[in-house]
Every structure is written in C-alpha cells, then in structure tokens.
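Structure first, commentary second.
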Amino acid sequence: MISAASALAMHATGLTKRFGHVVAMEDADFELAKGEILAVVGDNGAGKTTLIKTLTGALIPDGGQVFLDGQPISFSTPLDARRAGIETVYQELAVATQLDIAQNMFLGRELRKPGLLGVVFRQLDKKQMRRLAAERMRGLGIHIRSTSQAVETLSGGQRQAVAVARAAAWGRKVVILDEPTAALGVRETQRVLDLIRRVRDQGLSVVLISHSMPEVFAIADRIHIHRLGRRAAVVSPRTTAMSDVVAVMTGALKPDGVVSALLASPAELAPKQRFQ
Amino acid sequence: MEGPDLTGRAPGQQSLNPTAAAGAAALPSVLRLRALGLFAYPITGPLFALIVIFVVFSLGTSTFMNAGNMSLIAQQSVVIGTLALGQTLIVLVSGIDLADGAIMVLGTVVAGSYATHGDALTALLLAFVVCVIVASVNGLVITKFRLPPFIATLGMFTIVAAGARLYTQSRSFPITSDFLAVLGSGPDFGAVTVTFGSMLWVLLTLALGYALNETAWGVRVYAIGNSPSAARLNGVNVTRVVFSVYALAGVFYAFAAWQALGRTPIADPSGYQIANLDSITAVVIGGTSLFGGRGGVAGTFAGTLIVVALKNGLTQAGIDSLYQQIATGALVMLAVGVDQYLGRGQRA
C-alpha cells in the first residue's frame with residue numbers, strides 16, 4: 001500500500017470547483033506516477049482545464065486535497081506551484097518572441113553577476129544564462145544555432161521546444177503541457193513528442209493534455225479520462241483500445257468496462273476525514 | 001538520428017513559401033530578407049538617417065558643419081532628448097505619455113516659483129518630487145484602473161497643463177539661481193561650449209541604456225512590451241514593472257525640467273506646449289516600436305538628433321519652418337511605416 005503511494009509524484013482526491021451555479025469539477029481524483037507521461041483526455045467542457053488549473057495553483061479548489069510526493073500541499077498562486085517544482089507550458093504559447101532563447105529560459109528568474117556588479121549594479125550574467133540555456137537545450141537534444149537568437153526567428157515547433165525546455169529546466173518534479181502540439185504540423189509534432197519523451201527519461205513526471213488520440217497512444221504511459229467534471233477512469237494504452245477510450249470519454253462505455261490502470265486505490269489515498 | 005532537427009533558420013525564412021519564391025514575386029521577398037538582416041537592429045535605420053542628414057547639410061550649406069553649430073544642435077536637443085528618454089520607457093511597454101511635456105512644465109514652475117523665496121536645491125528637489133508623483137499617478141491609473149495609456153495621459157495632460165497655469169496664475173518666473181540654470185552652461189573648448197546639460201543628456205541615456213539592457217528589470221520591460229501575458233505566465237509582476245516604468249519616467253521629466261531651465265532661464269507655464277508630440281516623434285523616429293518591446297534609448301538619442309538636426313539644417317539652408325514641420329511629419333510616417341513593413345507590428 002505504501003509502495004503504491006510512494007510511487008506517485010502527485011495526486012489529488014475529491015477535488016471540487018464551482019463557478020456560481022456551474023459545477024466545473026466534482027469529487028475528481030488524480031494520480032501521477034514518478035517518471036511517467038500521463039495523458040489527460042476528455043471532451044470539450046469535461047473540466048480538464050479546471051483540473052489542471054487546480055493542480056498548478058491557478059485556481060483554488062472549493063474542496064479536496066492535492067498532494068505532492070505524498071505530502072498535502074495547497075497552492076494559492078501559480079508561483080507557489082512553480083516554487084514547489086511544478087512547471088506548466090500553457091496552450092497560448094508563453095514565450096516572448098522578441099526576446100532571445102536564453103532570455104526566455106530565464107525570464108522572471110534572471111541570474112545576476114556575482115559580486116559588486118550583480119549586487120550593487122544589478123548586472124545580469126548574460127554569458128552564464130546563455131551557457132546554461134545552451135547546455136539545457138543540448139541535454140534535451142534540441143539543436144539551436146545560438147541561444148542569443150530571438151524566438152521570433154524560430155518555427156512554431158522550435159518555439160514550442162523552447163517552452164518545453166524551459167519547463168523541463170525549472171520543473172524539478174512535474175511538467176504540465178497543455179496541448180503542446182495543437183498548432184503544429186506533422187513533422188514538428190513528432191519532434192515535440194520526442195522531446196517530451198526525453199523530458200520523462202530525465203526523471204520528470206509529465207502531464208500531457210491532448211485532443212489527439214493517435215498522439216496520446218503514441219506517447220502516454222497511462223491515460224486519465226476526464227468526463228463530466230471528474231475522473232472517469234485511468235487506463236493503459238497497452239491494454240485499452242483507442243475506441244474504448246473515446247467511448248468512455250463520451251459516456252458510450254461505462255468506466256468499469258475498461259481495465260483500470262490505477263496505481264493506488266482511492267481508499268488508500270483518500271484523506272481520513274472523508275470516511276469519518 | 002535521435003535528435004530532432006530543430007536547427008535555427010534565418011530570420012524571415014519561415015515567411016517565404018516555395019511557390020512565392022518563384023518568378024517575379026521573388027524580388028520583394030528577397031528585398032524583405034535583406035532588409036530584415038540589416039534592420040534587425042532597430043538602431044540601423046535612425047543612424048543611417050542621421051548620417052544622411054549630416055552629410056546633406058554639410059554639403060548643402062556652409063554653416064552647418066562646424067563645432068559651434070554642433071554644440072548648438074546638442075543644446076537644442078537636451079530638453080526633448082531627456083523627455084524622450086522617459087517616453088521611450090513608456091512606449092517600450094506599449095504605452096504612450098501625452099502628459100510628459102506638461103509634467104515637465106509643472107516641474108519648472110514649481111522649482112521657479114519656490115526659488116523666488118527659497119533655496120535653489122530645495123526648489124529642484126520639489127520639482128523632482130512633483131514630477132515623479134504626477135507620473136506615478138499616471139502609472140497607477142493605467143495599471144490599477146486599467147485605463148488605456150492614451151486616454152489616461154491625455155486627461156493628465158489637460159489637467160496638469162491647466163493646473164500649472166492655475167498654480168502660477170499664468171505668471172512666469174525668471175530664474176536667477178545659477179544652480180537651477182547650471183545645465184545651460186559648461187566648459188569652453190575654444191569657441192565651443194559643451195554644456196553640462198548635453199553631458200547630462202548623454203549620461204542619462206547611458207544610464208537608462210544600462211538599466212534596459214543589463215538588468216533583469218530591463219529584460220522584463222521588453223518582455224512586457226512584447227507580450228504581457230507571456231511575461232505574466234513566467235512569473236513577472238507585470239503591474240509592478242509597468243508602474244515602475246511610469247514612475248521612473250517621471251524622474252526623466254524632472255531632469256528635462258532642469259534642462260529646460262538651463263536652456264531658457266524662465267519658468268513659463270505656457271511653454272513647451274507640444275513637447276509631448278516632439279518627444280513621441282523623437283522616440284518613433286528613433287525606431288522604437290509603438291507596439292512595444294522593440295527599440296531603445298540609443299535609437300531615441302539618434303531620433304532626437306535627427307529631429308533637431310533636420311530643423312537646424314533646414315534653417316541654415318534658409319527654408320521656411322513650415323517645410324521643416326512637413327519634413328518631420330513625413331519622417332514620423334516613414335519610421336512607423338518601416339516598423340510595420342518589417343512586421344514588427346505583428347503580434348505573435
């Protein structure tokens with residue numbers, strides 16, 4: 001029992017979020033294993049975004065609990081989540097196109113020169129930032145001519161690669177990607193998927209929100225199916241067919257009609273007060 | 001094999017599609033590429049224009065190119081040039097300040113009126129305090145109440161301009177203090193005076209250039225001008241940085257007020273009425289994009305010199321001042337046109 005829970009990078013139980021009369025999420029559970037790629041799929045309006053926002057501190061849930069490495073945790077801003085080691089790549093590409101790659105990698109977390117120049121004159125250590133950015137990009141197998149290149153000179157896929165690399169560079173535990181390939185062509189999508197695999201292989205847990213089933217089945221270790229504001233099922237792409245995933249997503253198939261790939265039973269993860 | 005080939009491409013290459021590259025359509029595309037390569041640096045255009053202006057007037061008139069006239073051009077530049085430094089900051093975060101000239105004038109009359117009975121240093125400090133406070137109110141209205149900068153500062157322009165006249169009851173104050181007018185003087189080098197004001201202008205340009213290019217704050221200013229949402233998602237406190245931009249601009253307006261007292265030692269509430277437009281002109285001609293995030297103080301320095309040298313040169317050539325204004329207007333449109341043509345106006 002303990003081993004199942006300790007294999008989790010992040011989990012959540014009973015998450016609920018209402019907006020006025022609208023219940024966006026009700027009693028939703030979530031689990032993410034260490035070093036896995038977990039795809040989150042669901043129909044439009046199923047509440048995927050609400051779930052992700054709750055996990056990253058962009059929304060504060062009305063009920064339920066989020067755990068990181070088994071410890072209960074609550075984020076009140078996205079910055080809290082980042083400090084805890086969770087990085088998010090948003091759907092609207094959050095890169096400043098006129099800044100260069102290194103500047104984007106370090107935006108909001110710039111490095112200053114050591115000594116007087118940095119402390120008194122607040123001078124940036126551009127060389128060091130470029131070096132570290134280049135190192136990081138190389139480590140992820142991204143070939144960029146120079147990190148002092150403006151992001152606007154890059155193609156869509158390269159820009160996405162910069163965004164993913166930044167998340168991987170700063171995320172110590174979890175990287176969340178919100179439809180990272182939505183605007184990309186076939187070849188570029190392949191490259192970004194390769195990149196996501198390498199991020200996982202470096203030991204990070206990846207949450208991938210996607211609308212593309214072939215993409216999900218190509219890359220995911222497990223698939224979290226979200227429906228009507230809660231988790232309907234977690235399945236493995238190896239044991240469940242694409243058509244069944246779609247069927248659960250749309251409600252054509254009951255969640256117990258597929259083989260569950262849950263690591264921990266809800267009971268062992270649930271906070272005690274739920275049963276008291 | 002394993003590594004995805006995300007090799008960087010040349011600037012502009014992605015906008016070339018293979019079919020357009022064939023035939024007559026290729027020519028403009030190639031020109032566009034060339035232009036992008038050189039004009040990727042926003043300073044290239046203004047510097048080029050400045051050199052052309054200097055060459056044309058040096059050849060066209062006998063009185064333009066000499067040390068005395070160069071000193072004069074510098075002196076004619078300092079007020080608008082200093083004001084334009086603050087304006088540059090604001091334009092970099094996609095804002096605009098129509099009140100900068102009025103705030104500066106308020107600074108001059110506050111200092112001028114206080115100096116009639118108080119000491120000069122306190123008078124100057126008061127001017128700084130007033131300028132920074134009024135500029136900060138702009139920042140507050142724009143960041144907290146989310147008024148568009150154009151409207152917020154248009155309102156502030158009217159209020160401050162009228163306020164300065166009410167405060168002085170439309171009187172002017174001659175400046176008798178040497179300290180308040182010190183920026184108009186300076187060491188002589190033969191027949192040429194290099195004023196302290198010119199030196200201060202260069203110094204302020206360098207200081208702001210350093211802040212924009214070498215500090216995290218500067219990177220964030222550019223990032224916000226480029227994409228406020230991207231900056232926010234990366235943990236940049238956009239409200240705070242934008243506010244700091246407006247407040248800091250106030251410091252430059254105060255320096256401009258001091259420059260103005262050095263240039264003409266009289267604090268006149270109805271002076272410098274179109275200084276706001278002149279400062280915007282200098283910023284835009286200097287290649288800073290009105291869309292934000294691109295440009296900088298080097299361009300503004302050149303842009304100020306372009307406007308002043310053009311005026312100065314046309315005067316030396318004996319051309320009607322109305323033609324000077326037409327030339328300046330055409331330059332503004334050219335500068336913004338180039339900005340658009342190079343796709344800098346595109347929001348990514």
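Any value given below was found using the heavy atoms of this structure, including those in side chains, with hydrogens, waters and symmetry copies removed. Chain letters run A, B, ... following the sequence lines, proteins first and then strands; every chain starts at 1.
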Margin query: Considering only residues two or more places apart or on different chains, which pairs with a residue in residues 160-215 of chain A satisfy ring-ring contact (aromatic ring centres under 6.0 Å, His included)?
Written below: A/Phe106-A/Trp170
Checklist line | Shortest non-hydrogen separation from A/Leu79 to B/Gly235 and the atoms involved | finding: CD1-CA, 4.0 Å
Next item on the list: Could you tell me whether a side-chain N or O of A/Arg82 sits under 3.5 Å from a main-chain N or O of B/Asn234, the two making a donor and an acceptor?
Entry: yes
Check: Should we say atom CZ of A/Phe19 is surrounded by more than 12 heavy atoms from elsewhere, each under 6.0 Å from it?
Finding: yes
Check: Atom CZ in B/Arg294, atom OG1 in A/Thr97: separation rounded to 0.5 Å?
Finding: 7.0 Å
Notebook entry, point to check: In terms of heavy-atom pairs under 4.5 Å, which option from A/Leu117, A/Asn104, A/Asp125, A/Leu99 contacts chain B the most?
Noted result: A/Leu99
Item checked: Residues, nucleotides or ligands: over 12 heavy atoms within 6.0 Å of A/Arg131 CZ -> yes
Margin query: So which atom in B/Gly293 and which in A/Gln98 form the shortest heavy-atom distance, rounded to 0.1 Å?
Written below: O-OE1, 3.0 Å
Next item on the list: Using non-hydrogen atoms and a 4.5 Å limit, figure out which bit of B/Thr215 sits close to chain A: side chain, backbone, both or neither.
Entry: both
Next item on the list: Would you indicate whether A/Lys53, at its atom NZ, is surrounded by more than 12 heavy atoms from other residues, nucleotides or ligands within a distance under 6.0 Å?
Entry: no
Checklist line | Structural part of A/Leu107 lying under 4.5 Å from a heavy atom of chain B | finding: both
Notebook entry, point to check: Checking heavy atoms, do the side chain of A/Arg112, its backbone, both or neither come under 4.5 Å from chain B?
Noted result: neither
Next item on the list: Kindly compute the distance separating CZ (A/Arg122) from OH (B/Tyr210), expressed to the nearest 0.5 Å.
Entry: 10.0 Å
Check: Of the non-hydrogen atoms in B/Ala230 and A/Ala96, which two are nearest, and what is the gap between them?
Finding: CB-N, 4.1 Å
Next item on the list: Check B/Glu214 against A/Lys126 and note the closest heavy-atom contact, atom names and distance.
Entry: OE2-NZ, 3.2 Å
